[in-house]
Each structure stands twice: as structure tokens, then as C-alpha cells.
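First comes the structure, then the notes that go with it.
To find a chain, count down the sequence lines: A is the first, B the second, and so on, and within it residues start at 1. Being a predicted model, the structure only gives us computed values, none of them experimental.
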Number of protein chains: 2
Amino acid sequence: MLHVPAYQEELEASAGTLTDRVYRHLADRLVGGRFAPGDKLSLRAVAEALGVSIMPVREAVSRLAAEGALEVEPKKAVAVPLMRAAQFRDVTRVRIEIEGAAAAMACGADRAAIREIAAREKDFRDLSRARAPDLAAAVAANQAFHFAVYRAAGSAELLAIIERLWLRVGPVINLDLRENPQRLKLGEAMAFHAAALAAIRAGEARKAREAIAGDIRGASNFILSRGRLPE
Amino acid sequence: MLHVPAYQEELEASAGTLTDRVYRHLADRLVGGRFAPGDKLSLRAVAEALGVSIMPVREAVSRLAAEGALEVEPKKAVAVPLMRAAQFRDVTRVRIEIEGAAAAMACGADRAAIREIAAREKDFRDLSRARAPDLAAAVAANQAFHFAVYRAAGSAELLAIIERLWLRVGPVINLDLRENPQRLKLGEAMAFHAAALAAIRAGEARKAREAIAGDIRGASNFILSRGRLPE
DNA sequence: TGCCGATATCTGTGATCACAGTTAGCATGG
DNA sequence: CCATGCTAACTGTGATCACAGATATCGGCA
């Protein structure tokens, strides 16, 4: 195995097999919007960049392909799937249904979970209000808030399903958000987050569902309006 | 590559890479309840049985592990995950939410889709009423009916999520159903299926949701009552 | 200048080998 | 007869090699 200092820390820090680490590395970049739809990866290139052989990369990519986060056609380069507008509307509808349900379930959460949600809400709010927002950090904070809510729902199954959904929409959503400070400055997301937190605190399941649904719908409409999705 | 006649037909019939075929082979057996929770597989044994090298098996198993359908701990045999009762209640709750939503969405389906649902409903009804029911066939027919409904919902995303859920619950549910003619003879599932079909025909989303929810809940309660789930 | 085709380099797929950790069976001692 | 410890056969993991299909680049021709 080659030694590539840049990745040493990351790969050695995390636990598990090499396959697991490569998987997490790619998954993080996918949900964080560090890859654009249509981007191509090479097993050998990823392997070399991470200082491992192509075997762990193959298995990690295989897993991500099974989850629809990557597309692998025989003998062709692995690619981040392109998402057509119709497809994007479909996932958005499903996300509203499922993540909305999780938000509703989060209303029964205990104090610690609610404190965690509140903390993540504040992080995102602070980042949104900054004069020159750090967009990468905002994307991460947005994710942290949402998953604090979903974790509070107390369903490991639902959480796994939502993680899979984010893996698929990450490249589409976060890429655009990363490049466009406008929407963040508008504060729409901030308002929905605050509403969700308030609803969860008050135990009002319907309002929590609607707040998260509104947040998802808002981001989705923004992406669709930018019109960079094919078809 | 070895030639194992028993599997030749199946493997040559299906398309795609060897990995895809092995994946489908294992996935089918998983949702069909041909594996019991706790069963152990050996990469080499599966490879030999299917007449391929262990490489395609590795990738297929890797994908199934990513979906939670198989459990693979480093250096230990690959296993069908054991499901604790609490976990099973969790997936059941999630299934009711998600598959119920799909059933509701199926109410807008076109005539061809509804005809398909009706045909699958009839298949299952005939099998249920048989004097000596073919349980394996009944399990397959039940699956065919449910997926006809879910396909009619018209959401590829939702369908993929549901397939993943069935991959996880298949070993728990279908294994028991395969061994117990009693529940089938009771006709509870048959009644729920009929109710779902009628509701979808009438475009009554709420009733469709409740029928599918009832079916899922009924099967789940049966499994839980048999008390073979740990903890 | 623009199009087209041959080739060199890239891609993932599959097989095989080496290795270290796990497991189960068998022999040995109580 | 049972418990215990050792060993041998098993497990998945990772690396490397061979191969066939896709792709892009560069040269030649119209």
C-alpha cells in the first residue's frame, strides 16, 4: 500500500476495514455535494488517491451503486448519476412523505435529543446570518440539523432509508447550494428549521411534518427553478 | 469457471454481469424466505455452487450487506442478520407508513396496472383456497400482489425503498409463513388483499392504505406471536 | 479546415494468490 | 465422562494479474 500523507489521517482515524473507510469517504463527499451529477470516477484513480489498492474501492463503489448513489455500467467509468427533473420531483415527493413522517415521530423525543436539535438549529442560524457565509459549512450544518431531527424519531430503519435518500439527492442539491449564497441569505431554510424545532418542542406532530416538508419543498423548487436538471 | 449444471440455466438466462446475477440469485432467495435469520453463507461455497469465482460473490454480498440484507463482520462468516423483536416492530411500523403511502398512491393508477393487481389478487386467492396449499407458491404470489400495488404507485424511488425493506424482512416473515399453513387457511391476508383491490378500484386512498396496513400488521403480529424472535 | 478512422490508453470484470483472524474438531489430561 | 487446549481447516480481506470492451487522441484524407 502506498503512503499518501494527505489521506493518512482520515483513513487511519476511522475504524473498520479499508472498504468501510473508502465507503465512508465517498459517501461523505456525495451527500456533501462535493461531486456533481455526471462526474466520473476511476477505481484506480480513487485507489491511488486514497493510498489503497483497487479492491476496497471496488467493494465500496459496489455498495454505493446498490444504493443508487453511483452508476456503474460494465466496462464504463463509474459515474455520479444524472438526475432528470421528473426523477427529482419523484424523490422530492418521497422525501416529503418519509422525512415528514420522521419529523412527526421526533415529537415524542426526549430532552437530550431536543437539546441536540436546538444546538444544530443554532449552528445553522449563525452560519446563515454571517455576512459572508461559509457555504460548505452551511451545507454541513443543514445536514446536521436534519439528521438530529431524524435521529430523534427513534427509528433506525427510517434513519437508514433517509440516509440513502440523501446519498442520492446530495449531489444535486448541495452542489447548487454550495454555489449560491442567495438562497441561504433569504433565510427561508432558517425559518423552516426554527418552525420545526418549535413544533417538536411543543409536541405538535403535524406542524413539525409541515415545517420539514416546507424546507424540502423550498430547496427542491429552488433547484428546479435553476433549470440545470436535464429534460 | 466450473460448470455446475443445476445453476447453468438460471445464470445464463439472466442478463448483466456475473455480479448482477449472483446478486439477483441471493436477493430472490432472501425475500422468498429461503434463508433463515442466522444462516451462514461462505463466499467460496456460494461461488462453487453457482459455478463462478468468489469475486462476483464478494461484490454481490457487499451490495446486500450495504442494504442490510446480509451481515458481514471481518473474518467471520457472512450471515443472514438476526432480527430482534424490537427491531421487527420498528420495520413493521416503517413498512406500514411507507407501503401504506404507496397503496394510497396506487389509487391514481391506470387500467392496465389495476388489471395487473386484480390478476395477482386472484392468483393469491386461488392458492389460499387450495385444499393443500403450496406454501412456497403462496409466498411468491403474495409478493407478486404487493409489488403489483407498489408498482402501480408510479414512484420508482418508493419502489426501490420497499424492495430494500422486503430484503430485510423476507427471511423473518416468509420463513415462518412457509412452514405454517394455518395462517394462510385463515384467509386474513386474502381479505385484506381483496379490500385493497376494491379500494384502489374505487380510488379510495385511505381505505387502500388501511387495507395494506392491516395486511402488514396481521402478518407481523402472527410472527411476533410465534415468539421465535430473540429478546 | 473539417471529418473520419486507427490505435494507444483507459475502463471495469473476473480469477488467483497470500495472509491473518476465526472456528470447530479432536486429542489429551483430569 | 467431561472439560480443556491445541491444531487444522475454514473465514473474509486485500493485492496483483490478465483481459475485453469503451474512449479519447492523434494522424491522415477530403
Inset, instruction - Please report, rounded to the nearest Å, how far the P atom of D:dT11 is from the CZ atom of B:Arg58. - result: 14 Å
Legend entry - Separation of D:dG14 C1' from B:Leu43 CG (nearest whole Å): 13 Å
Inset, instruction - Inspect the contact between A:Arg228 and A:Glu179 and indicate whether a charged nitrogen and a carboxylate oxygen are less than 4.0 angstrom apart. - result: yes
Inset, instruction - Using the test side chain to side chain donor-acceptor pair (under 3.5 Å), find all partners of A:Thr17 that sit at least two apart in sequence or belong to another chain. - result: A:Asp20
Inset, instruction - Choose from C:dA15, D:dG14, D:dT13 the nucleotide whose nearest atom is closest to any side-chain atom of B:Ser53. - result: C:dA15
Inset, instruction - Would you mind checking if A:Glu116 and A:Arg120 are paired as a salt bridge, meaning a charged N to carboxylate O distance below 4.0 Å? - result: yes
Legend entry - Under-4.0 Å side-chain N/O to phosphate OP1/OP2 contact, A:Ser42 with C:dT11: yes
Legend entry - Residue list, side chain to side chain donor-acceptor pair (under 3.5 Å) with B:Glu157, at least two apart or on another chain: A:Arg168
Legend entry - Integer-rounded Å distance: C:dA18 P and B:Ile54 CD1: 14 Å
Legend entry - Residue A:Lys40, side-chain atoms from C-beta onward, closest of C:dG14, D:dG12, D:dA24: D:dA24
Inset, instruction - Round to a whole Å and report the spacing from CD of A:Glu48 to P of D:dA15. - result: 13 Å
Inset, instruction - Nearest whole angstrom, please: distance from the P of C:dA15 to the CD of B:Glu59. - result: 11 Å
Inset, instruction - Round to the nearest Å and state the distance from B:Leu18 atom CG to C:dT13 atom C1'. - result: 8 Å
Please tabulate, for side-chain N and O atoms in residues 33-46 of chain B, each donor-acceptor pair with protein atoms closer than 3.5 Å (sequence neighbours left out).
{"unit_1": "B:Asp39", "atom_1": "OD2", "unit_2": "B:Ala36", "atom_2": "N", "d": "2.9"}
{"unit_1": "B:Ser42", "atom_1": "OG", "unit_2": "B:Arg44", "atom_2": "N", "d": "3.3"}
{"unit_1": "B:Ser42", "atom_1": "OG", "unit_2": "B:Ala45", "atom_2": "N", "d": "3.1"}

Legend entry - Protein-nucleotide distance (B:Met55, atom CE; D:dG14, atom P), rounded to Å: 12 Å
Legend entry - Contacts of type side chain to side chain donor-acceptor pair (under 3.5 Å), residue B:Ser128, not counting sequence neighbours: none
Legend entry - side-chain contact (heavy atoms from CB on, under 4.5 Å) against B:Leu159, all qualifying residues, sequence neighbours excluded: B:Phe147, B:Tyr150, B:Arg151, B:Glu163
Inset, instruction - Would you indicate, yes or no, if D:dT13 has its OP1 or OP2 atom less than 4.0 angstrom from a side-chain nitrogen or oxygen of A:Thr19? - result: no
Legend entry - Close residues, residues 62-84 of chain A, relative to DNA chain C [heavy-atom separation under 4.0 Å]: A:Val72, A:Lys75, A:Lys76, A:Ala77, A:Val78
Legend entry - Length of the CZ-P vector between A:Arg44 and D:dT16, whole Å: 12 Å
